[in-house]
Structure formats: structure tokens, C-alpha cells
**Q** 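This is the structure, below, for whatever I ask next.
Here is the naming used below: chain letters follow the sequence lines, and residue numbers restart at 1 for every chain. Since the model is a prediction, treat every value here as computed from it, not as a measurement.
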Amino acid sequence: MALATRTDKRADRKAGDPGGGRPGKRPSVLGTLWGSTVGKKAVMAVSGLVLLGYLVAHLLGNLKIFFGPGEFNEYGHWLRTMGEPVLHYEWALWIVRVGLLAAVILHGVCAYQLSRRDIAARPTSYVHKRRRASYATRTMRWGGIILALFIVWHLLDLTTLTVNENAQPGHPYENVVATFSTWYGNVIYITAMLALGMHIRHGFWSAAQTLGMGSATRDRVLKITANGLALVLTVGFISLPVGVMTGLVS
Amino acid sequence: MRLTLRVWRQSAADATGAMVTYDIDGISEDMSFLEMLDSLNEQLILEGDDPVAFDHDCREGICGACGVVINGDAHGPERTTTCQLHMRHFSDGDTIDVEPWRAGAFPVVKDLVVDRSAFDRIIGAGGYISAPTGSAPEAHATPVPKADADFAFEHAECIGCGACVAACPNGSAMLFTSAKVNHLNVLPQGAPERETRVLDMVATMDEEGFGGCTLTGECATACPKGIPLPSITAMNKEWLRATRKVAR
């Protein structure tokens, strides 16, 4: 009954394509990656893992704030001189910045394009609603937008010092204390770090699946690692505003 | 049992549909969900109404033809096909919402019937092996390790019902495609086309307008045959491997 009404809408396009196979020229590896949902997800996974790696290093550096202005500011200065004398002053820092920018752009563009596609693939929603998937999974897109906005604010606040209350170049310790001495600085930062934790919780595990590294036996280890990373990074970063608020850092 | 059904009615593919409420009495808890719909249709025919169109065939859970979304769940509250879901899982006086699979790649044909021919085209792109036909080959000529045979069989259980697509918030066909790819790619018979199979089937899946995977796990929860979520991971691995290999 239903079969009779079915039409092959792509019959004309598929003509001359034996058995759906694509003989002859295939696009390059990058072309295949960018042109496929699976490939774009792999780009997202790799760029996400690069950013996650950076965050671990960033947290370790940030924690030096608990050892006083001398040590923290010295670390801030070292970031500019690292790589010397092989590299010129600030070159290593700029290489890292360009790499991070590329990762953020790739991650964001893929997320945008895949999300557009996903939303279009489900044009009609169900009348009978029910809760689907975990909170961390459902909030990946909004969480990503929150994090993107946070990065803009964070750079304006502590890199360019445009919106910083203290805005003393070369004195990152004093600038950080100034940020966390304002109520909005704490609210923005803590909200973003909670979003970060959720994003990593689903994102790390998801990246492992996308890159084909998960399996039924490895699933537990991956989930524990994802939750562990999310918890350590969130608690670690939030310890800074809490440190300033409690007067531990001043 | 006395039930209130709210069923999606849509007279044709291009018509606007709506949920229509029906009261039905005398439903036995031993009836399958489809038999309950049969009873509703008998009632509708007697009243001179148009019966509800729904897909069905074997009614023993192996063909994959039937499938509707019951109270928001593909195939309803139990992990089985709609034909194998029995009314004992509902209570007297319940209101049950019945909707068709919802996905851009599965347009509604009529009422609860959707066009799943996109799946056929994914299969056509590589869900087969090329082998000389004739008499059955000697079973011991091509040894298959037990673990591989089990893996292939687990994925061969997919009946192509489309519940994974219906349950996925992105309308993605990754679980279906991965079941088909993994089933053949692990076996020696599928080895000659191992790379082209995964690349072409994924490309066709994308062309058909299915969404991407965000690993929500809804598909594997809905699958009446228990195709596991790591199936998608295994296909991602195959796809990345094939991309590297074909480029050489």
C-alpha cells in the first residue's frame, strides 16, 4: 500500500552512477573531511581537544596566583619571553594565540554548520514532549555560545585590558584581583566556568567517540576521565574568584 | 480496556495534519498495539470514517515495516517493535499519543506512514557485497573468527525500521548506517569494498538530508534490536581509516 506511493526523488541524479558507487576521482582528505558530517565532527573533536589541552596548561599557570604577585607576574612575563633565544620576544605567545584562534574558529564554524543541518533534519517536532538526553548533552549548543561570548569578554578584560578596572599592563596579578573584586566579573566568570564544565563533560567523551577511540570496554574510563577533567577545570578556575572573594588573594 | 487515542491524521503528503482524538473501548491487554489500531480502524470504517494508515507487515518483530511514535517514544515504552508491543503495558483510561516518525528525510506519506526509501538508497550506496552468485559456497572455505562473527551478527540484527532516526533530536541516520557498515566491514566477504562502502554510505546518508550525530544516545535507547551506541564509534573509526586509505 505504502510502497505504491513511494517515488525515488533522486532517480535522475543517480542515473549513470552504478550501484551508488563513486568510481574515479574522490576529493582530497581535507575535502572529504569538510564535506561530510562525520568529517566535520572529527574537525570539531580535534579542535576541541586542542582547546582542552590549552585549558589544562592555562589552569596550571593561573593557580600560581595563590603564591603571590611576584610569582604570578613573573610567570606572566615568562609567557612573553618563552622560546627565547630561539624565538624573538612574544613570538611563541603569538604562535600559541594564532593556533588557539584557528582552533576556536574551526570548532565554532563546524558547530554552526552542523547545528544548522541538524535542526533542518528535524523540521517537525513531536506533539508529545518528553525529556531527552542528559542536561550536559542538551546544553552543548547554548553552552558553546556562552563560552564564545565569555572568551570575547575575557580577552577584553585581561588581555587588552579594555574593560578592566585596574588595566595596568605588565601587572596581571593586580588586574585579575580587580576583575574579581567586581560583582559582574565574578558572575560572568563563574557562569562561564560552569558552562565549561558541562561542555567538557559531554564534549570530551563525544570527541573520543567521533575519533573512533571509544569502545564498550573503554566507555567507563572515558566517562570518568571526562567527568574528572570537567570537575578539575571548573573547580580549578572557580578557585580564582573564590580566592579573591575570600581575601586569600588580594 | 477503555482508551483515549490522539492520532496524527494527515490525508496526503502535502496536506496539513493534526492530532485527532478517538475513544476506543473493549481493548484486551493481550492485543498488540497494531491490533488495537486495527480495532480502531474497524470502528472508523463502521462510522464511515477514513481508517488510520500505518505501515506493517510481518507482525512478528523482524521485518521493520511497522513503527510509530507512542507517547513520544519510538515503538512505545518497551524495547521492541510496535507490533510486538502489547496493550498490557498501558492502563485502562490512558490517553495515548500516536505520531509518525519525524525526520526531514522521512516525509509523511499519509497519517502514520512515512517514506523511508532514503534508507534503501543508503543501502544501495554500499550495503551489500559483490560476490559471484550460484550455489552456496563451502562454509569452511572462509573462516571467520568467533569475535568477528558475533560483532557482525549484532549489527546484522538491524531491521531498518527507522526508530533511531525518529528518536534522534537531529534526525540522524548514524545508528542505521553504522549497523549496516559494521555488519559487512568486519567480515572477510565485505573486505574488498571496506573503504568505498563506508565512504559512499555516509556520503549518501548526508545527501539524503539526515542530521549529524551529537551522541545523545537516543537512537540506541530506542532501537528495538539493541544496536549499541559504540556502533557509531566503530563506524567513525572505519570512516576515518577509509578517508586516509583512499587518499593514498
Side-chain angles (χ1 to χ4, degrees), chain A residues 1-3 5-10 13-14 17 19-23 26-29 32-33 35-42 45 113-115 117-130 132-134 137-138 140-141 202 205-206 208-216 218-219, chain B residues 6 8 13 19 53 55 69 71-73 97 99 102-105 109-110 113 115 117 121 124-126 128 167-172 174 196 199-200 202-218 228-230 232-241 243-244 246-247:
Chain A
M1 177 184 65
L3 277 170
T5 61
R6 284 175 186 165
T7 50
D8 193 344
K9 56 186 172 194
R10 300 180 333 121
R13 196 139 56 92
K14 276 279 176 187
D17 191 357
R22 285 137 217 277
R26 279 182 185 275
S28 64
V29 175
T32 313
L33 277 172
S36 163
T37 52
V38 176
K40 244 176 211 158
K41 206 62 207 301
Q113 292 182 346
L114 287 170
S115 298
R117 193 194 162 85
D118 293 348
I119 293 162
R122 172 57 87 68
T124 318
S125 53
Y126 291 108
V127 174
H128 189 108
K129 305 275 181 243
R130 69 170 185 84
R132 286 169 195 278
S134 74
T137 311
R138 283 184 287 127
M140 284 304 274
R141 285 175 192 147
H202 182 69
W205 175 82
S206 204
Q209 310 306 316
T210 303
L211 297 176
M213 292 191 277
S215 71
R218 228 174 290 158
D219 200 55
Chain B
R6 298 202 303 162
W8 182 261
M19 296 295 272
D55 257 338
V69 172
N71 287 340
D73 288 317
D97 288 334
E99 298 173 74
R102 292 294 188 194
V109 174
K110 189 181 185 207
V113 179
D115 180 355
S117 51
R121 289 186 288 272
Y128 53 80
C168 176
N170 309 323
S172 173
M174 286 285 277
T196 53
L199 291 174
D200 291 343
V202 167
T204 306
M205 177 186 88
D206 285 347
E207 278 169 27
E208 291 293 339
F210 290 104
C213 179
T214 52
L215 291 146
T216 65
E218 291 292 340
L229 192 59
I232 291 177
T233 312
M235 181 173 74
N236 287 334
K237 195 174 180 178
E238 280 292 307
W239 190 90
L240 290 169
R241 177 189 168 276
T243 307
R244 286 194 305 270
V246 166

**Q** Check whether any side-chain heavy atom of Thr37(A) lies under 4.5 Å from a side-chain heavy atom of Phe210(B), and answer yes or no.
**A** no

**Q** List the atom of Val38(A), the atom of Asn236(B), and the distance in Å for their closest heavy-atom pair.
**A** CG1-OD1, 3.4 Å

**Q** Is Arg102(B) reaching over with its side chain to a backbone N or O of Arg122(A), donor-acceptor style, under 3.5 angstrom?
**A** no

**Q** Looking only at heavy atoms, what is the nearest atom pair of Ala121(A) and Gly211(B), with distance?
**A** CB-N, 3.3 Å

**Q** Please list, chain by chain and in numerical order, all residues satisfying salt bridge (charged side-chain N to carboxylate O under 4.0 Å, His left out) with Lys40(A), sequence neighbours excluded.
**A** none

**Q** Considering only heavy atoms and a distance below 4.5 Å, find which of Lys237(B), Glu99(B), Met19(B) pairs most often with chain A.
**A** Glu99(B)

**Q** Heavy-atom pairs under 4.5 Å with chain B - which of Ser115(A), Gly212(A), Gly214(A), Ser215(A) has more of them than the others?
**A** Gly212(A)

**Q** Contact part of Ser172(B) toward chain A, heavy-atom cut-off under 4.5 Å: side chain, backbone, both or neither?
**A** neither

**Q** At a heavy-atom separation under 4.5 Å, does Met140(A) approach chain B through its side chain, its backbone, both, or neither?
**A** neither

**Q** What part of Met174(B) is in contact with chain A, defined as an atom under 4.5 angstrom from a non-hydrogen atom: side chain, backbone, both or neither?
**A** side chain

**Q** What closest approach, in Å, do Thr137(A) and Leu215(B) show between heavy atoms, and which atom pair accounts for it?
**A** CG2-O, 4.3 Å

**Q** Considering only heavy atoms and a distance below 4.5 Å, find which of Leu211(A), Thr210(A), Ile119(A) pairs most often with chain B.
**A** Thr210(A)

**Q** At a heavy-atom distance under 4.5 Å, which candidate from Val202(B), Leu229(B), Asp73(B), Thr196(B) has the highest pair count against chain A?
**A** Asp73(B)

**Q** Can you say whether Thr124(A) sits under 4.5 Å from chain B via the side chain, the backbone, both, or neither, judging by heavy atoms?
**A** both

**Q** When you look at His128(A) and Val69(B), which way does the side chain to side chain contact (heavy atoms under 4.5 Å, CB included) test go after all the steps?
**A** CA-CA 9 Å; His128(A) 189 108; Val69(B) 172; over 6 Å; no

**Q** Are the side chain of Arg117(A) and the backbone of Asp206(B) linked by a donor-acceptor contact shorter than 3.5 Å?
**A** yes

**Q** Is there a side-chain contact between Asn170(B) and Leu114(A), using heavy atoms and a 4.5 Å cut-off?
**A** no

**Q** Using non-hydrogen atoms only, which part of Ala103(B) is less than 4.5 Å away from chain A: side chain, backbone, both, or neither?
**A** both

**Q** Please test Leu33(A) against Leu240(B) for side chain to side chain contact (heavy atoms under 4.5 Å, CB included), starting from the C-alpha separation and ending with a verdict.
**A** CA-CA 9 Å; Leu33(A) 277 172; Leu240(B) 290 169; 4.2 Å; yes

**Q** Between Ser28(A), Ser36(A), Pro123(A), which has the largest tally of heavy atom pairs under 4.5 Å with chain B?
**A** Ser36(A)

**Q** Checking heavy atoms, do the side chain of Lys41(A), its backbone, both or neither come under 4.5 Å from chain B?
**A** side chain

**Q** Could you walk me through whether Thr233(B) and Arg218(A) pass the side chain to side chain contact (heavy atoms under 4.5 Å, CB included) test, one step at a time?
**A** CA-CA 12 Å; Thr233(B) 312; Arg218(A) 228 174 290 158; over 6 Å; no

**Q** Any side-chain to backbone donor/acceptor pair from Asp118(A) onto Gly212(B)? Under 3.5 Å, distance only.
**A** yes

